Amino acid sequence: QVQLTESGGGSVQAGGSLTVSCAVSRNMFSRYSIGWFRQAPGKDREFVATIQRSGDRIHYADSVKGRFTISRESAKNTVDLQMNNLKAEDTAVYYCAAGGWLTAKSYSFWGQGTQVTVSS
């Protein structure tokens with residue numbers, strides 16, 4: 001049974017915006033923190049942003065701070081990542097995960113990812 005499902009990936013020009021969404025199972029949405037990670041070809045999976053289960057604590061990687069916004073959308077059971085002022089370096093597969101905080105190792109559940117490509 002799929003617990004986390006990413007959507008919204010696509011191709012944009014540098015400087016553009018895109019929002020990716022993580023659909024979370026109803027019984028997980030309020031129980032677990034949700035994080036966004038990304039992985040470029042040949043690179044390790046990288047932390048992007050995370051949000052506490054209550055939504056009142058948020059942390060961003062320095063590389064995206066001021067450009068990306070993570071939000072918990074209770075009406076949709078999703079955690080969204082709004083990405084603004086995109087750069088070529090943001091190109092990666094974006095994954096959401098549940099049950100951790102600042103490191104990939106700390107998360108218990110993962111989605112399958114959605115591709116984001118930024119053209120310079």
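Just so you know, these numbers use all the heavy atoms, side chains as well, and skip hydrogens, waters and symmetry mates. What you see is a predicted model; the values in this text were computed from it and never measured.
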Trainee: If Ile, Leu, Val, Met, Phe, Trp and Tyr residues are connected whenever their side-chain heavy atoms lie under 4.5 Å apart, and connections chain through other members, are V93 and F68 in the same group?
Mentor: no
Trainee: So, does S33 use its side chain to make a donor-acceptor pair with the main chain of Q52 at under 3.5 Å?
Mentor: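 Not at all, since once roles are kept as given, no pair shorter than 3.5 Å links the two residues.
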Trainee: Any side-chain donor-acceptor pair under 3.5 Å between Q3 and S25?
Mentor: yes
Trainee: Taking the ring of Y95 and the ring of F37, is the distance between their centroids below 6.0 Å?
Mentor: no
Trainee: Which heavy atom in A49 sits nearest to a heavy atom in Y60, and how many Å separate them?
Mentor: CB-CD2, 3.6 Å
Trainee: Is the side chain of Y32 donor-acceptor paired with the backbone N or O of G100 at a distance under 3.5 Å, no angle test?
Mentor: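 The answer is no, because no donor-acceptor pair under 3.5 Å joins these two groups.
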Trainee: Is the backbone of I34 close enough, under 3.5 Å, to the side chain of T50 for a donor and an acceptor to pair up by distance?
Mentor: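 Yes, the answer is positive, given that a donor and an acceptor are paired below the 3.5 Å cut-off.
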Trainee: Is there a side-chain contact (heavy atoms from CB on, under 4.5 Å) between V48 and L81 once you walk through the steps?
Mentor: CA-CA 9 Å; V48 176; L81 184 70; 4.1 Å; yes
Trainee: What's the shortest heavy-atom distance between F29 and V79, and which atoms?
Mentor: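 For F29 versus V79, the nearest heavy atoms are CE1-CG2, 4.1 Å.
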Trainee: What pair of heavy atoms forms the shortest contact from C96 to E6, and how long is it?
Mentor: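 So the minimum-distance heavy-atom pair works out to N-OE2, 2.8 Å.
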Trainee: Mind checking the OH-OG1 spacing from Y94 to T114? Nearest 0.5 Å is all I need.
Mentor: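 Answer for the OH-OG1 pair, Y94 versus T114, is 10.5 Å.
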Trainee: Determine whether a donor-acceptor pair (N or O, by modelled atom type, separation under 3.5 Å) exists between the side chain of E73 and the backbone of N77.
Mentor: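 No, the answer is negative, given that no donor and acceptor are paired below the 3.5 Å cut-off.
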Trainee: Is it true that atom CD of Q112 has more than 12 heavy atoms of other residues, nucleotides or ligands lying nearer than 6.0 Å?
Mentor: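 No, not enclosed.
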Trainee: Taking all non-hydrogen atoms of both residues, which atom of S17 and which atom of N85 are closest, and how far apart?
Mentor: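 Looks like OG-N, 4.2 Å.
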Trainee: Looking only at heavy atoms, what is the nearest atom pair of I51 and R72, with distance?
Mentor: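 Nearest pair, atom of I51 first, then R72: O-NH2, 3.5 Å.
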Trainee: Has D56 got more than 12 heavy atoms of other residues, nucleotides or ligands less than 6.0 Å from its CG?
Mentor: yes
Trainee: Do you know which two heavy atoms are closest between T91 and V118, and how far apart they sit?
Mentor: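 T91 and V118 have their closest heavy atoms at OG1-N, 2.9 Å.
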Trainee: Would you say S120's side chain and A88's backbone share a donor-acceptor pair under 3.5 angstrom?
Mentor: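 Side chain of S120 to backbone of A88, a donor-acceptor pair under 3.5 Å: no, none is there.
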Trainee: Enter the distance from Y107:OH to L102:CG here, rounded to the nearest 0.5 Å.
Mentor: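 With rounding to 0.5 Å, OH (Y107) is 6.5 Å from CG (L102).
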Trainee: Ignoring hydrogens and angles, tell me if any N or O in the side chain of T78 forms a donor-acceptor pair with the backbone of S21 under 3.5 Å.
Mentor: no
Trainee: Within the distance-only criterion (no hydrogens, no angle test), does the side chain of R57 pair as donor or acceptor with the backbone N or O of R53 below 3.5 angstrom?
Mentor: no
